[in-house]
*Asks:* 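One structure, as structure tokens, below. Some questions next.
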2 protein chains.
Amino acid sequence: MDTGPKIAQVAALIGDPARANMLSALMDGRTLTASELAYVSGVAPQTASGHLAKLSDAGLLALAKQGRRRYFRLASPHVARVLEGLMVVAQEGPARQRNLWRGGETLRHARTCYDHMAGRIAVAIADRLVQQSFILLDEDGGQLTDAGRSFFDELGVDLRLVSRRRVFCRPCFDWSERRPHLAGAVGAAILRHALEHDWVEHVRDSRALVVTPVGVRELATTFGIEGAPPTDGCKGPVASLSRGRAAVIPI
Amino acid sequence: MDTGPKIAQVAALIGDPARANMLSALMDGRTLTASELAYVSGVAPQTASGHLAKLSDAGLLALAKQGRRRYFRLASPHVARVLEGLMVVAQEGPARQRNLWRGGETLRHARTCYDHMAGRIAVAIADRLVQQSFILLDEDGGQLTDAGRSFFDELGVDLRLVSRRRVFCRPCFDWSERRPHLAGAVGAAILRHALEHDWVEHVRDSRALVVTPVGVRELATTFGIEGAPPTDGCKGPVASLSRGRAAVIPI
DNA sequence: TAAATACTTCGGTCAAGACCGTAGTGTTTC
DNA sequence: GAAACACTACGGTCTTGACCGAAGTATTTA
């Protein structure tokens with residue numbers, strides 16, 4: 001079968017910097033308007049419109065019209081996983097500027113990854129849960145133990161949405177830490193809990209999460225984790241609209 | 001962080017038809033020479049050489065020199081997973097010619113997917129194992145049960161390589177059947193067993209697998225599966241070297 | 001040593017498509 | 001109804017890079 005050309009079509013769509021920026025911006029599961037996506041991708045609205053049409057036609061984005069706006073989001077978790085995977089491969093690729101981050105310290109500390117958390121904090125949480133035998137994890141998958149279920153019950157994390165007999169979780173290779181964090185239903189539940197209880201907050205127009213004072217305290221008591229980010233000069237995204245070809249926009 | 005441009009770089013590499021054909025051809029885990037890859041990708045050796053250099057530089061392919069030949073293989077399972085994911089997304093994309101296969105009936109029936117089996121047979125095996133409670137499987141992961149371990153032990157499937165306390169398996173969304181089959185360590189073990197016991201054989205220069213008479217019998221008695229492929233006119237890949245831009249090569 | 005094989009480098013051609021200015025359409029606000 | 005807003009369609013420019021012919025470098029075979 002000609003799978004080659006098929007995957008080439010999809011990959012080529014993701015392979016344009018402007019479109020990749022758009023998809024990255026949607027990786028946290030939000031829905032954004034065409035204008036917002038034009039902004040984050042660093043191109044003019046007309047250009048963005050064309051890109052978005054292609055992405056929608058190909059089934060990578062889902063579109064909801066509302067009045068004069070068009071809201072876009074990733075069409076499926078499968079799309080998010082492909083993007084995840086590309087980040088991993090991009091990261092493990094050549095030895096080049098592997099630790100070169102453009103104002104990315106905040107992102108490296110904590111961020112969303114579609115529907116769950118990623119970054120140092122997320123890896124630390126995963127490590128802790130494994131160490132306590134609350135979850136079992138290896139390369140191919142993971143599972144919540146009975147002890148783990150009790151732990152989350154006491155914590156008040158809502159796992160009802162995922163409580164079939166077994167609760168599996170999925171390791172998601174963290175491109176910044178190069179170690180797995182928790183994805184899947186359990187990962188999503190943890191992020192939901194953290195947001196609802198103000199442990200972390202979204203940074204506007206970014207996938208970054210900041211750990212609140214409450215979060216620092218709770219992460220310490222609950223997981224024994226140092227939640228405060230290392231202080232450095234550059235935090236938060238710097239909006240820089242450029243002319244010419246789609247440029248690197250720190251998200 | 002500028003993850004957008006990074007994933008764009010990798011995606012753009014996969015996004016060229018010639019390179020996508022090369023990667024697809026390597027999806028079964030084989031190592032192929034530059035010449036062979038030039039052939040399957042439908043371009044001249046000089047062109048292929050350039051493509052292969054790019055793929056190696058980016059860390060998508062691993063290279064082994066041997067005499068005057070260069071052997072290439074996928075650099076890591078992560079690369080295979082990205083390709084897997086792209087197939088899924090490409091498949092679920094637009095409603096277009098979803099069931100249009102070019103001589104792909106054989107592939108649809110049984111094929112390799114990096115290190116495990118895919119296609120109708122593989123999905124049927126997964127279904128059966130789930131139905132018998134030998135494995136537990138959901139969207140996020142899967143696990144071998146004690147009964148399942150016994151089953152494989154009796155069958156003589158070698159799971160020693162993967163026998164930590166828990167044996168997880170990974171669902172891999174089958175792009176032809178649109179349902180999951182078994183990947184990960186367990187899936188790999190099944191394929192290994194099937195090849196060693198002559199249940200299936202590789203089709204030359206293809207990812208397709210043919211089920212042998214032995215295989216038909218064994219699949220029936222072991223899994224209650226009809227292993228024989230539906231008969232139709234077109235089977236096997238048709239090598240068609242074309243001139244001009246890299247064309248669709250049935251692999 | 002000569003010839004064949006496997007692959008790479010260089011140079012020039014050519015097509016695809018990303019980009020934006022201009023000019024639209026549809027929707028909301030005043 | 002007019003103006004502002006969100007987005008789209010069209011047309012022309014310009015860069016990127018895929019492609020192959022020809023020539024060159026290793027390596028093996030004769």
Side-chain angles (χ1 to χ4, degrees), chain A residues 4-5 8-23 31-58 60-73 240-249, chain B residues 4-5 8-23 31-58 60-73 240-249:
Chain A
Q9 259 184 320
V10 176
L13 280 172
I14 307 174
D16 174 80
R19 288 193 293 258
N21 277 327
M22 291 173 172
L23 292 166
T31 65
L32 297 176
T33 67
S35 305
E36 290 168 323
L37 288 166
Y39 178 74
V40 298
S41 64
V43 295
Q46 316 91 296
T47 307
S49 177
H51 285 316
L52 290 169
K54 283 180 190 176
L55 291 171
S56 300
D57 287 348
L60 297 198
L61 294 185
L63 165 62
K65 303 183 191 186
Q66 210 174 95
R68 59 187 169 188
R69 313 206 172 187
R70 323 216 123 181
Y71 288 91
F72 293 88
R73 60 178 167 77
S240 70
L241 251 190
S242 71
R243 286 275 141 176
R245 291 254 157 170
V248 171
I249 301 289
Chain B
Q9 257 182 323
V10 176
L13 281 172
I14 308 175
D16 174 79
R19 288 192 293 257
N21 277 327
M22 291 172 171
L23 293 167
T31 65
L32 297 176
T33 66
S35 304
E36 290 168 321
L37 288 166
Y39 178 75
V40 298
S41 64
V43 296
Q46 316 93 296
T47 307
S49 176
H51 286 315
L52 290 168
K54 284 182 189 175
L55 290 171
S56 299
D57 287 349
L60 298 197
L61 294 185
L63 164 63
K65 304 183 192 185
Q66 211 172 93
R68 58 188 170 189
R69 313 205 170 187
R70 321 218 126 179
Y71 289 91
F72 293 89
R73 60 178 168 76
S240 69
L241 251 190
S242 71
R243 286 275 141 175
R245 291 254 156 173
V248 171
I249 302 288

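Here is how names work: the chains are called A, B, and so on, in the same order as the sequence lines, proteins then strands, and each is numbered from 1.
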*Asks:* If you compare every side-chain N and O of His51(A) against the phosphate oxygens of dC19(C) (OP1, OP2), does one of them come in below 4.0 Å?
*Replies:*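 Yes, within the criterion.
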*Asks:* Which distance, rounded to the nearest 0.5 Å, do you find between the OG of Ser56(B) and the CZ of Arg70(B)?
*Replies:*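 Between atom OG of Ser56(B) and atom CZ of Arg70(B) there are 9.0 Å.
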*Asks:* How would you list, by chain and number, every residue that makes a side chain to side chain contact (heavy atoms under 4.5 Å, CB included) with Ala53(B), sequence neighbours excluded?
*Replies:*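 With sequence neighbours excluded, Ala53(B) shows a side chain to side chain contact (heavy atoms under 4.5 Å, CB included) to no residue whatsoever.
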*Asks:* Which one of Met22(B), Lys54(B), His51(B) satisfies the side-chain contact (heavy atoms from CB on, under 4.5 Å) criterion with Asp16(B)?
*Replies:*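 So the option named by the test is His51(B).
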*Asks:* Run Ile14(B) and Val10(A) through side-chain contact (heavy atoms from CB on, under 4.5 Å) and show every step you take.
*Replies:* CA-CA 9 Å; Ile14(B) 308 175; Val10(A) 176; over 6 Å; no
*Asks:* dC19(D), OP1 or OP2 - any side-chain N/O from Thr47(B) closer than 4.0 Å?
*Replies:*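 Checking dC19(D) against Thr47(B), no side-chain N or O comes under 4.0 Å of OP1 or OP2.
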*Asks:* Taking any heavy-atom pair under 4.0 Å as a contact, classify Lys54(A): base, sugar-phosphate, or nothing.
*Replies:*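 If one applies the 4.0 Å heavy-atom cut-off, Lys54(A) turns out to touch the sugar-phosphate alone, with no base involved.
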*Asks:* What residues form a side chain to side chain contact (heavy atoms under 4.5 Å, CB included) with Ala12(A), not counting sequence neighbours?
*Replies:*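 Ala12(A) satisfies side chain to side chain contact (heavy atoms under 4.5 Å, CB included) with no other residue.
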*Asks:* By nearest atom, which of the nucleotides dC19(D), dT9(C), dA18(C) is closest to the Ala18(B) side chain?
*Replies:*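 Given the options dC19(D), dT9(C), dA18(C), the side chain of Ala18(B) is closest to dC19(D).
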*Asks:* Distance check needed: dA9(D) C1' versus Asp57(A) CG, whole Å only.
*Replies:*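 Asp57(A) atom CG is separated from dA9(D) atom C1' by 14 Å.
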*Asks:* Counting C-beta onward and ignoring hydrogens, is there a side-chain heavy-atom pair between Val43(B) and Asn21(B) closer than 4.5 Å?
*Replies:*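 The answer is no; the side chains never approach within 4.5 Å.
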*Asks:* What does the list of N/O pairs under 3.5 Å between the protein and nucleotides 11-13 of chain C look like, with a distance for each?
*Replies:*
none

*Asks:* Search all heavy atoms of Pro45(B) against all heavy atoms of Ala38(B) and return the closest pair with its distance.
*Replies:*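 Taking Pro45(B) first and Ala38(B) second, the nearest heavy atoms are CA-CB, 4.1 Å.
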*Asks:* Please report, rounded to the nearest Å, how far the C1' atom of dA16(C) is from the CG atom of Leu13(A).
*Replies:*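 Roughly 14 Å, once rounded to whole Å.
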*Asks:* Could you check how far CG of Asp16(A) sits from C1' of dT15(D), rounded to whole Å?
*Replies:*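 Checked: the CG to C1' distance equals 13 Å.
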*Asks:* Using nucleotides 22-25 of chain C, report all nitrogen or oxygen pairs with the protein that are shorter than 3.5 Å.
*Replies:*
| from | atom 1 | to | atom 2 | distance (Å) |
| --- | --- | --- | --- | --- |
| dT22(C) | O4 | Gln46(A) | NE2 | 3.4 |

*Asks:* Specify the separation, in whole Å, of atom OH of Tyr71(B) and atom P of dT27(D).
*Replies:*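 My rounded result for the distance is 15 Å.
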*Asks:* To the nearest angstrom, how far is Leu63(A) atom CG from dA6(D) atom P?
*Replies:*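 One finds 17 Å between P of dA6(D) and CG of Leu63(A), rounded.
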*Asks:* Does Leu13(A) offer a backbone N or O that forms a donor-acceptor pair with the side chain of Arg19(A) under 3.5 Å?
*Replies:*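 At least one qualifying donor-acceptor pair exists.
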*Asks:* Taking the side chain as C-beta and beyond, is there a heavy-atom pair between Leu61(B) and Arg73(B) under 4.5 Å?
*Replies:*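 In short, these two side chains do not touch, never coming nearer than 4.5 Å.
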*Asks:* Could you state the atom-to-atom distance from NZ of Lys65(B) to C1' of dT28(D) in whole Å?
*Replies:*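 The distance from NZ of Lys65(B) to C1' of dT28(D) comes to 17 Å, rounded to the nearest Å.
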*Asks:* With sequence neighbours left out, write down each residue that passes side-chain hydrogen bond (donor to acceptor under 3.5 Å, both in side chains) with Thr33(B), or none if nothing qualifies.
*Replies:*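 Testing Thr33(B) for side-chain hydrogen bond (donor to acceptor under 3.5 Å, both in side chains), a comparison that skips the adjacent residues, returns Glu36(B).
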*Asks:* For the residue pair Leu52(A) and Phe72(A), establish whether any side-chain heavy-atom pair is separated by less than 4.5 Å.
*Replies:*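 Contact flag for Leu52(A)/Phe72(A) side chains = yes.
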*Asks:* Give me, pair by pair, the N or O atoms of the protein and of nucleotides 1-6 of chain C that are less than 3.5 Å apart, along with how far apart they are.
*Replies:*
| from | atom 1 | to | atom 2 | distance (Å) |
| --- | --- | --- | --- | --- |
| dT5(C) | O2 | Arg68(B) | NH1 | 3.2 |
| dA6(C) | OP1 | Arg69(B) | NH2 | 3.2 |
| dA6(C) | O3' | Arg68(B) | O | 3.2 |

*Asks:* Assuming nearest nucleotide by heavy-atom distance, tell me which of Gly67(A) and Ala12(A) is located more 5' along DNA chain C.
*Replies:*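 Of the two residues, Ala12(A) wins.
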*Asks:* Please confirm whether the backbone N or O of Leu37(B) pairs with a side-chain atom of Ser41(B), one donor and one acceptor, at under 3.5 Å?
*Replies:*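 Yes: the side chain of Ser41(B) pairs with the backbone of Leu37(B).
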*Asks:* Could you tell me how far apart Leu52(A) (CG) and dA6(D) (P) are, to the nearest whole angstrom?
*Replies:*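 In whole Å, dA6(D) P lies 15 Å from Leu52(A) CG.
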*Asks:* Mind calculating the distance between OH (Tyr39(A)) and P (dC20(C)) to the nearest angstrom?
*Replies:*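 Atom-to-atom, Tyr39(A) to dC20(C), this comes out as 15 Å.
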